[in-house]
J.: 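Got a structure for you, written out below as structure tokens; questions coming shortly.
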Amino acid sequence: MSVRPRRRRTVGGIRTAIGALVVALAAASAVALPAAPAEAAGAKVVYLTFDDGPSPAYTPKVLTVLARYGVRATFFQIGQNVAAHPSLTSQVAEQGHSVQNHTWSHPDLRKLSGAAVDSQVRSTDRAIRARTGRTPTCLRPPYGAVNGTVRSRAAALGKQVVLWSVDPADWSRPGTAAIRSRVLDNVRPGSVILLHDGGGDRSQTVAALPAIISTLKARGYGFATLCG
């Protein structure tokens, strides 16, 4: 198995972090989720997911596109961003999207003690619950960095670990066309698509989103949320 480094931007400034993005075995197990009703009935379903928000610059723009196409998505939000922009988290939930846990400050959970992992997850749970009335049931570890300890701590906290199966690396700003083609060339029924609405300049992601959604719809795909 191989890993590749990833550079990420957080709200508090620029931070470089090295972590595992997608390990094939881990990704396969992470996306083995209970089937949504449409998927169970044999329909072609994909899952749009957005990480690192909420962002006042880009989350509203993503929500506008999703509303235009009548699509619901899953937002894995950072607790400190929820605390900074609570009304955006409320808006995401009110528009029918799923809001889930992406830790408090986006650390590599493999490098933390069990107590620190618990604090990262529980603090984010509290912030999200205060704005949505619901406690997240899923955790997306930053950088996709998981090991046995992270999985066991997540399970003890009542969380299912959710990674992804399609990653266009939109965080690297490769261009709108590249983001669009990387998603559309790799998507399959049941794909979990990783995109970003926070953590940096996400204008390319916003620009690519309408074509991604409209093309998938034209191919007969429907969209569903993860983690109820």
Side-chain angles (χ1 to χ4, degrees), residues 1-4 6 19-53 62-63 65-77 92-93 95-102 134 136-147 150-151 154-155 158-171 174 178-197 205-206 208-228:
M1 294 188 296
S2 63
V3 298
R4 62 187 172 91
R6 175 178 183 176
L21 259 181
V22 181
V23 178
L25 181 60
S29 62
V31 299
L33 300 167
E39 188 178 356
K44 292 165 64 175
V45 175
V46 295
Y47 304 90
L48 289 175
T49 69
F50 295 89
D51 281 14
D52 294 354
V62 168
L63 291 175
V65 175
L66 296 177
R68 183 190 314 157
Y69 290 93
V71 168
R72 293 183 178 179
T74 305
F75 289 75
F76 288 91
Q77 296 194 338
V92 171
Q95 293 189 17
H97 305 290
S98 176
V99 182
Q100 300 300 320
N101 195 310
H102 197 38
R134 303 185 67 177
T137 58
C138 291
L139 169 68
R140 175 168 282 173
Y143 317 109
V146 295
N147 58 16
V150 171
R151 290 188 181 278
K159 299 286 183 284
Q160 182 171 2
V161 172
V162 176
L163 299 182
W164 54 85
S165 56
V166 176
D167 179 8
D170 66 326
W171 55 270
I179 295 169
R180 180 176 64 247
S181 63
R182 289 173 185 179
V183 171
L184 296 175
D185 291 349
N186 292 286
V187 74
R188 302 289 184 273
S191 288
V192 178
I193 301 166
L194 172 63
L195 296 167
H196 294 79
D197 66 320
T205 301
V206 173
L209 193 55
I212 289 171
I213 294 174
S214 61
T215 302
L216 289 176
K217 283 195 167 192
R219 292 180 183 177
Y221 281 97
F223 298 82
T225 59
L226 297 169
C227 314

J.: Can you check whether Phe75 reaches Ser98 side chain to side chain, under 4.5 Å on heavy atoms?
T.: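 No, their side chains stay 4.5 Å or more apart.
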J.: Strictly by modelled atom types, are Arg188 and Ser165 linked by a side-chain donor-acceptor pair under 3.5 Å?
T.: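 There is no such pair between these side chains.
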J.: For the residue pair Leu216 and Phe223, establish whether any side-chain heavy-atom pair is separated by less than 4.5 Å.
T.: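 Result yes, sub-4.5 Å side-chain heavy-atom pair found.
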J.: Can you tell me if His97 uses its side chain to pair, donor with acceptor, with the backbone of Ala73 under 3.5 Å?
T.: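 Judged by distance alone, yes, a pair lies under 3.5 Å.
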J.: When you measure from the side chain of Lys44 to the backbone of Arg219, do you find a donor-acceptor pair of N or O atoms at a distance under 3.5 Å?
T.: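 Yes.
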J.: List in chain and number order the residues that pass side chain to side chain contact (heavy atoms under 4.5 Å, CB included) with Val206, two or more places apart in sequence or in another chain; answer none if no residue qualifies.
T.: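 Side chain to side chain contact (heavy atoms under 4.5 Å, CB included) check on Val206 returns Tyr58, Lys61, Val62.
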J.: Okay, side chain of Thr215, backbone of Ile212: is any donor-acceptor separation there less than 3.5 Å?
T.: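 Pair absent, no side-chain N/O of Thr215 close to backbone of Ile212.
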J.: Quick one: list whatever passes side chain to side chain contact (heavy atoms under 4.5 Å, CB included) with Thr137, sequence neighbours left out.
T.: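 Thr137: side chain to side chain contact (heavy atoms under 4.5 Å, CB included) contacts with Gln100, Cys227.
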J.: Within the structure provided, determine whether Tyr47 and Thr225 are in side-chain contact (heavy-atom separation under 4.5 Å).
T.: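 They are not in side-chain contact.
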J.: Distance check, rounded to the nearest 0.5 Å: Arg180 atom CZ versus Asp170 atom CG?
T.: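 Here the rounded value is 13.5 Å.
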J.: Step by step, would you call Asp197 with Asp51 a side chain to side chain contact (heavy atoms under 4.5 Å, CB included)?
T.: CA-CA 6 Å; Asp197 66 320; Asp51 281 14; 5.6 Å; no
J.: Is there a side-chain contact between Ile179 and Pro174 in this structure, where contact means two heavy atoms from C-beta onward sitting under 4.5 Å apart?
T.: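 Answer yes - side chains close enough.
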J.: Tell me whether the rings of His102 and Phe76 are parallel (<30°), tilted (30 to 60°) or perpendicular (>60°).
T.: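 Geometry flag for Phe76 against His102: perpendicular rings.
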J.: Please identify which of these residues, Leu209, Val166, Asp167, meets the side-chain contact (heavy atoms from CB on, under 4.5 Å) condition with Leu195.
T.: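 The side-chain contact (heavy atoms from CB on, under 4.5 Å) with Leu195 is passed solely by Leu209 among Leu209, Val166, Asp167.
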J.: Identify the heavy atoms of Ser181 and Ala178 that sit nearest to each other, and give their distance.
T.: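 Closest pair (atom of Ser181, atom of Ala178, distance): OG-O, 3.2 Å.
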J.: Apply side chain to side chain contact (heavy atoms under 4.5 Å, CB included) to Ile193 and Thr49, showing your working.
T.: CA-CA 6 Å; Ile193 301 166; Thr49 69; 5.7 Å; no
J.: Please find the pair of heavy atoms, one from Tyr221 and one from Val45, that lie closest to each other, and give the distance.
T.: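 In terms of heavy atoms, the two residues are closest at CD2-N, 4.2 Å.
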J.: Is any side-chain heavy atom of Val161 closer than 4.5 Å to a side-chain heavy atom of Arg140?
T.: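 Heavy-atom side-chain distance check fails, nothing below 4.5 Å.
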J.: Does any part of the side chain of Thr74, heavy atoms only, come nearer than 4.5 Å to the side chain of Arg72, both counted from C-beta?
T.: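 Arg72 does not reach Thr74 side chain to side chain.
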J.: Evaluate the side-chain proximity of Leu163 to Val192: yes if any heavy-atom separation is below 4.5 Å, no if none is.
T.: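 In short, these two side chains do not touch, never coming nearer than 4.5 Å.
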